[in-house]
Amino acid sequence: MTSSPTTDRRGLVDVAGRALLVYGFETGIDGGAAELVVIVGHEAGQIIDRFGDALEGTPITYAHQRERLGFGHVVLQADPHVEPSPRERL
């Protein structure tokens, strides 16, 4: 299966004039998040370039998923960056 530009950058897809990821980020910020932890993969540079170090004054930390090993693996990439860790929540 080959990837298309749309599926490769789905978090940056424009929805009503804004990148899709912005909606999730704003939900976290509105919910009181003091920091956003964003898991990035092979398109990391584009996401980091687009959002930088903060959104609306809320810092963004990027955790890199080097291999695509499923959703559970994605969640565990955030483990060192959040309190309590996802492992402690399970």
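Note that the structure is predicted; figures quoted are calculated from it, not measured.
Between Leu12 and Leu20 there is no side-chain heavy-atom pair separated by less than 4.5 Å.
Listed by chain and residue number, nothing satisfies the side chain to side chain contact (heavy atoms under 4.5 Å, CB included) test with Ala54 (two or more places apart in sequence, or in another chain). Remark: Gln65 pairs with Ile39, His73, Val74, Gln77 by the side chain to side chain contact (heavy atoms under 4.5 Å, CB included) rule, at least two apart or across chains.
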Would you tabulate the side-chain donor-acceptor contacts of residues 24-35 under 3.5 Å, counting partners in other chains and residues two or more places apart, or write 'none'?
| from | atom 1 | to | atom 2 | distance (Å) |
| --- | --- | --- | --- | --- |
| Glu26 | OE1 | Arg18 | NH2 | 2.3 |
| Glu26 | OE2 | Arg18 | NH2 | 3.3 |
| Thr27 | OG1 | Tyr23 | O | 2.9 |
| Glu35 | OE2 | Thr61 | OG1 | 2.1 |

Subject >> Residues Phe51, Val38; criterion side chain to side chain contact (heavy atoms under 4.5 Å, CB included); working and verdict >> reply: CA-CA 10 Å; Phe51 297 106; Val38 180; over 6 Å; no
**OP:** Using the side chain to side chain contact (heavy atoms under 4.5 Å, CB included) rule, take Ile60 and Leu55 through it: C-alpha gap first, then chi angles, then the decisive distance, then the call.
**Re:** CA-CA 7 Å; Ile60 300 175; Leu55 181 71; 4.1 Å; yes
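Surrounding CG of Asp53 are at most 12 heavy atoms belonging to other residues, nucleotides or ligands under 6.0 Å away.
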